[in-house]
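Note sheet for the following structure.
Just so it is clear, the values below take in all heavy atoms, side chains as well, and ignore hydrogens, waters and symmetry mates. First listed ligand is number 1; within each ligand, the first listed atom is number 1.
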Amino acid sequence: MGKMIYLDNAATTKTAPEVVEAMLPYFSEFYGNASTVYEFGGKSKEAVSLAREIIANAIGAKENEIYFTAGGSESDNWAIKATAEAYKDKGKHIITSKIEHHAVLHTCQWLEQNGFEVTYLDVDEFGVVKLEELKKAIRPDTILISIMFANNEIGTIEPVAEIGEIAREHGILFHTDAVQAFGQIPINVDELNIDMLSSSGHKLNGPKGIGFLYIRKGVKIRSFVHGGAQERKRRAGTENVPGIVGFGKAVELALANMEERTARERELRDYMMERILKEIPFSRINGHRTNRLPNNVNICFQFVEGESLLIMLDMKGICGSSGSACTSGSLDPSHVLLAIGLPHEIAHGSLRLTLGEDTVKEDIDDTVDAVKEIVTQLREMSPLYEDYMKKNSH
Ligand SMILES: *Cc1c(COP(=O)(O)O)cnc(C)c1O
């Protein structure tokens, strides 16, 4: 196999070498339990505190508002289920959107089976939540608004500041899944009126299996994992010290070069979208053209199956996705693409390419060349395409 081109950074990223290096001593040398009293365990405790400080500073929070979890999915589950539990006497209504990650959507569906009511807001053709609909959906018994910061499939950035403002005016808690946004967009939880925020290490060049939930002081949700007194009694379990250290390092790195890295990615992203639109007929960009994650490209090719395209790209050493990693392998079209109004047959032909820190222009050119060749090949085999061309040939 030749060189691999990795363009699936929304699924996961490479753990940065500096991150691995920072983690290693906490497997071998300083393996002490961070919750012990002796000095050896204190080494682990210090490292956890430092990571917590880095992360708290990164979002304008206080250290005692950061709770480490096992990743984005756990953070989402915790925020939503525990809010429901703690505030059920106030009301049993939750508002979210149709384009959330399954960690949010499936959690909300589970709550619906357990006596809660959920409103799933529509989005516009670009994937932006409609604020007017949000305002209309609010009821006296609404206890939580959970809207993602940026979408993992089409990259659209949501109007989080406005949503936070609306939530605050109505005295409703606001949770945001910022797994894709954190490290790519500056975030300040106070300025944006965010009460809870989910994040995950492996989406920003940190390790897998570590995340955090920011919980604003005063939000009264309880523990989701019962046991020991770790994380101020709100999340039991021996601290994943190497994971936490690695996460802290990854956040430090991501913030240090955010501006230049995202500027470079944005330029490559726009170059890629332009080349595809110009050189491949019957293609369209999904998501917002400019108000999108710096590293996200999502395109539909009419008359082409996304899965076939992915397999043929893989044979050329190019890794992409046809939606979210969780849904590939199933033949259902993406719920996000359906929510922005694409018909089933077009939603099936989508390709998501997400750039990373190491992506260079040559990777983009090689990928566009490959996509162009494969799309042409697949269309030559497509009866639908043949029919269409016959009908429109004069
Ligand atoms: C990846 C992802 C998650 C899940 O995070 P894990 O750490 O893999 O559990 C949740 N939400 C969004 C938007 C994601 O992209």
Side-chain angles (χ1 to χ4, degrees), residues 6-15 19 55 59 66-81 96-110 120 123 127-129 146-158 160 163 175-185 187 194 196-214 224-225 235 237 240 242-244 246-248 250-251 254 286-287 292-298 319-329 334-337 339 352-356:
Y6 185 76
L7 292 175
D8 202 14
N9 286 280
T12 197
T13 56
K14 171 174 147 185
T15 314
V19 168
I55 288 170
I59 59 169
I66 302 296
Y67 297 84
F68 289 111
T69 65
S73 300
E74 185 188 316
S75 298
D76 286 342
N77 271 261
W78 184 14
I80 297 167
K81 288 180 188 167
T96 186
S97 82
K98 287 187 178 162
I99 61 161
E100 298 298 310
H101 188 274
H102 283 136
V104 168
L105 283 181
H106 291 168
T107 301
C108 286
Q109 286 159 10
W110 182 84
Y120 299 90
V123 294
V128 181
V129 164
S146 178
I147 307 275
M148 65 199 328
F149 208 114
N151 184 268
N152 48 303
E153 291 189 34
I154 56 175
T156 302
I157 299 166
E158 298 300 333
V160 173
I163 297 168
H175 164 253
T176 188
D177 174 340
V179 172
Q180 292 289 333
F182 186 42
Q184 296 211 62
I185 303 170
I187 298 178
I194 294 166
M196 286 171 277
L197 177 145
S198 304
S199 170
S200 174
H202 74 102
K203 301 289 175 77
L204 52 120
N205 303 101
K208 294 168 181 57
I210 185 77
F212 73 83
L213 179 64
Y214 156 77
F224 184 55
V225 178
R235 202 283 190 180
N240 173 0
I244 292 170
F247 195 6
V251 170
N286 299 314
R292 72 189 298 141
L293 289 172
N295 73 337
N296 176 290
V297 174
N298 189 307
C319 308
S321 155
S322 67
S324 72
C326 325
T327 51
S328 58
S334 135
H335 65 286
V336 177
L337 296 180
R352 179 187 74 181
L353 299 167
T354 40
L355 325 188

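Atom 3 (C) of ligand 1 has His101 NE2, 3.5 Å as its closest protein atom, hydrogens excluded (heavy atom only). Nearest protein heavy-atom contact of atom 11 (N) of ligand 1 is Asp177 OD2, 2.6 Å. At the shortest separation from atom 2 (C) of ligand 1 among protein heavy atoms lies Lys203 NZ, 2.5 Å. Scanning all protein heavy atoms for the shortest distance to atom 6 (P) of ligand 1 gives Gly72 N, 3.5 Å.
For ligand 1, the atoms lying closer than 4.0 Å to a non-hydrogen atom of Ser73 are 4 (C), 5 (O), 6 (P), 9 (O). Of all the atoms in ligand 1, the ones that sit under 4.0 Å from a non-hydrogen atom of Ser200 are 6 (P), 7 (O). Against a heavy-atom cut-off of under 4.0 Å, His202 is close to the following atoms of ligand 1: 6 (P), 7 (O), 8 (O).
In this structure, CZ on Arg235 lies 4.0 Å from CD on Glu74, to the nearest 0.5 angstrom.
Of the N or O atoms in Gly71, none lie within a sub-3.5 Å distance of an N or O in ligand 1. For ligand 1, the polar-atom distance check against Gln180 finds a nitrogen or oxygen pair separated by under 3.5 Å. On a distance-only criterion, Asn152 and ligand 1 share no N/O pair closer than 3.5 Å.
Heavy-atom minimum distance, Ala150 versus Ala181: CB-CB, 4.2 Å. Ser97 and Tyr120 get closest at one heavy-atom pair: O-CD2, 4.1 Å. The heavy-atom pair separating Asn77 from Ala103 by the smallest distance is ND2-O, 3.8 Å. When all heavy atoms are compared, the tightest approach of Gly287 to Thr156 is CA-OG1, 3.6 Å.
Between the side chain of Thr15 and the backbone N or O of Asn205, no donor-acceptor pair lies under 3.5 Å.
Taking the six-membered ring where the residue is Trp, Phe212 and Phe247 present tilted rings, their angle falling between 30° and 60°.
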